Engineer: 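Below is the structure I would like to discuss, written out as structure tokens.
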Amino acid sequence: MKIYTKTGDKGETALYGGTRVSKASARVESYGTIDELNSFIGVAKSEVKDEQVLNQLKKIQFDLFTLGSESATPTDKLTLANGKSRLALMITDTEIEELEHWMDDFEKELAPLQYFILPGGGRSATSLHVCRTVCRRAERSLVFLNESEEVRPELIKYLNRLSDYLFVLARYVSKLNNETEEYWNPNDR
């Protein structure tokens, strides 16, 4: 099988279920941004040394593929004519709760926040801050899509929680690497 199909040469692509849409559609923008986030997480993984964190990031990349496949599927195409799900996996509260559990564990190791943190630190923490901002963009893109086409709320909730996780993880990795956090303190101006 060749990687190129030539079916997208006129600026359209097929969604799961067969519907053809413009590559500029809100749905394509949404799952494209999720794919971009997944790639940035791959970059962050190349900087992280902690095995527990690497395992979590690998699981998140798997979940982002699941989320991306659902966001590439119009809601009316999620169920086949025989009543079965078109997709083998979907994001559920289980994945959201997993992120919350991981955050709770990391936050036990961190000093309480008193100020906003400037995105920075070492390479791994900085990469995770970039992931966080791309995640927020992916979330905004799903919210925008949901204004015109239905999106299951679990997808938006997952991305919202993931951006929180990435923030906490950037702080945790900074601590693991003995890097000083830089604060945005308006009183320091």
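Nothing here was measured: the structure is a model prediction, and the numbers come from that model.
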Engineer: Please say whether more than 12 non-hydrogen atoms of neighbouring residues, nucleotides or ligands are located less than 6.0 Å from CZ in F40.
Structural biologist: no
Engineer: Can you find a pair of side-chain heavy atoms, one from T133 and one from F167, that are under 4.5 Å apart?
Structural biologist: no
Engineer: Take E97 and R161 through the test side chain to side chain contact (heavy atoms under 4.5 Å, CB included) and record every step on the way to the result.
Structural biologist: CA-CA 9 Å; E97 290 165 5; R161 207 66 82 251; over 6 Å; no
Engineer: Please determine whether the number of non-hydrogen atoms from other residues, nucleotides or ligands lying under 6.0 Å from atom NZ of K58 exceeds 12.
Structural biologist: no
Engineer: With a 4.5 Å heavy-atom cut-off, do L155 and V143 have their side chains touching?
Structural biologist: no
Engineer: When you measure from the side chain of E95 to the backbone of T92, do you find a donor-acceptor pair of N or O atoms at a distance under 3.5 Å?
Structural biologist: yes
Engineer: Strictly distance-based, threshold 3.5 Å: is any side-chain N or O of S71 a donor or acceptor partner for the main-chain N or O of S30?
Structural biologist: no
Engineer: How close do R27 and E150 get, counting heavy atoms only, and between which atoms?
Structural biologist: NH2-O, 3.9 Å
Engineer: So K59 and Q56, do their side chains get closer than 4.5 Å, heavy atoms only?
Structural biologist: no
Engineer: Output all residues satisfying side chain to side chain donor-acceptor pair (under 3.5 Å) with T126, sequence neighbours left out; order by chain, then residue number.
Structural biologist: none
Engineer: So which atom in E139 and which in S163 form the shortest heavy-atom distance, rounded to 0.1 Å?
Structural biologist: OE1-OG, 4.3 Å
Engineer: Between atom CD1 of I34 and atom SG of C135, what is the distance when rounded to the nearest 0.5 Å?
Structural biologist: 9.0 Å
Engineer: Main chain of E179, side chain of N177: is a donor-acceptor contact present, judged purely on distance under 3.5 Å?
Structural biologist: no
Engineer: Quick check: do L162 and L99 have side-chain heavy atoms less than 4.5 Å from each other?
Structural biologist: yes
Engineer: Would you say E107 has more than 12 foreign heavy atoms packed within less than 6.0 Å of its CD?
Structural biologist: yes
Engineer: Taking all heavy atoms of A44 and all of C131, pick out the closest pair and write down the distance.
Structural biologist: CB-SG, 4.0 Å
Engineer: What residues, two or more places apart in sequence or in another chain, satisfy ring pair (Phe, Tyr, Trp, His ring centres under 6.0 Å) together with F106?
Structural biologist: Y172
Engineer: Atom CG of N55 and atom CD1 of I60: how far apart are they, to the nearest 0.5 Å?
Structural biologist: 11.0 Å
Engineer: Taking N38 for the side chain and L64 for the main chain, is one N or O donor matched with an acceptor at less than 3.5 Å?
Structural biologist: no
Engineer: To the nearest 0.5 Å, how far apart are NZ in K49 and OG in S124?
Structural biologist: 8.0 Å
Engineer: Is it true that E36 and R137 have a side-chain N and a carboxylate O under 4.0 angstrom from each other?
Structural biologist: yes
Engineer: Is there a side chain to side chain contact (heavy atoms under 4.5 Å, CB included) between V168 and W102 once you walk through the steps?
Structural biologist: CA-CA 9 Å; V168 171; W102 291 342; over 6 Å; no
Engineer: Give the cluster check for L54 versus I41: same hydrophobic cluster or not, with ILVMFWY residues linked at side-chain heavy-atom distances below 4.5 Å.
Structural biologist: yes
Engineer: Set out, in order, the CA-CA distance, both residues' side-chain angles and the distance that settles side chain to side chain contact (heavy atoms under 4.5 Å, CB included) for K45 and Q61, then state yes or no.
Structural biologist: CA-CA 10 Å; K45 279 173 50 182; Q61 284 189 298; 2.7 Å; yes
Engineer: Just so I know, are the side chains of L89 and F65 near enough to count as touching, which here means a heavy-atom distance under 4.5 Å?
Structural biologist: no
Engineer: Identify the two heavy atoms, one from I91 and one from D63, that lie closest to each other, and give their separation to 0.1 Å.
Structural biologist: CD1-O, 3.6 Å
Engineer: Strictly below 4.0 Å, N to O, side chains only: are K157 and E154 in salt-bridge contact?
Structural biologist: no
Engineer: To the nearest 0.5 Å, what is the distance between CG on N160 and CG on L142?
Structural biologist: 11.5 Å
Engineer: Side chains of T94 and E98: do they bring a donor and an acceptor to under 3.5 Å?
Structural biologist: no
Engineer: For a 4.5 angstrom cut-off between non-hydrogen side-chain atoms, does L37 reach L159?
Structural biologist: yes
Engineer: For residues 108-118, which side-chain donor-acceptor pairs fall under 3.5 Å, sequence neighbours excluded?
Structural biologist:
from: Y115; atom 1: OH; to: N185; atom 2: ND2; distance (Å): 3.3

Engineer: Measure the spacing between CD1 of I156 and CG of N146 and express it to the nearest 0.5 Å.
Structural biologist: 4.5 Å
Engineer: Look up atom CG in D35 and atom CG in L67, then write down how far apart they are to the nearest 0.5 Å.
Structural biologist: 11.5 Å
Engineer: Picking from D164, L169, L166, what satisfies side-chain contact (heavy atoms from CB on, under 4.5 Å) with R132?
Structural biologist: L166
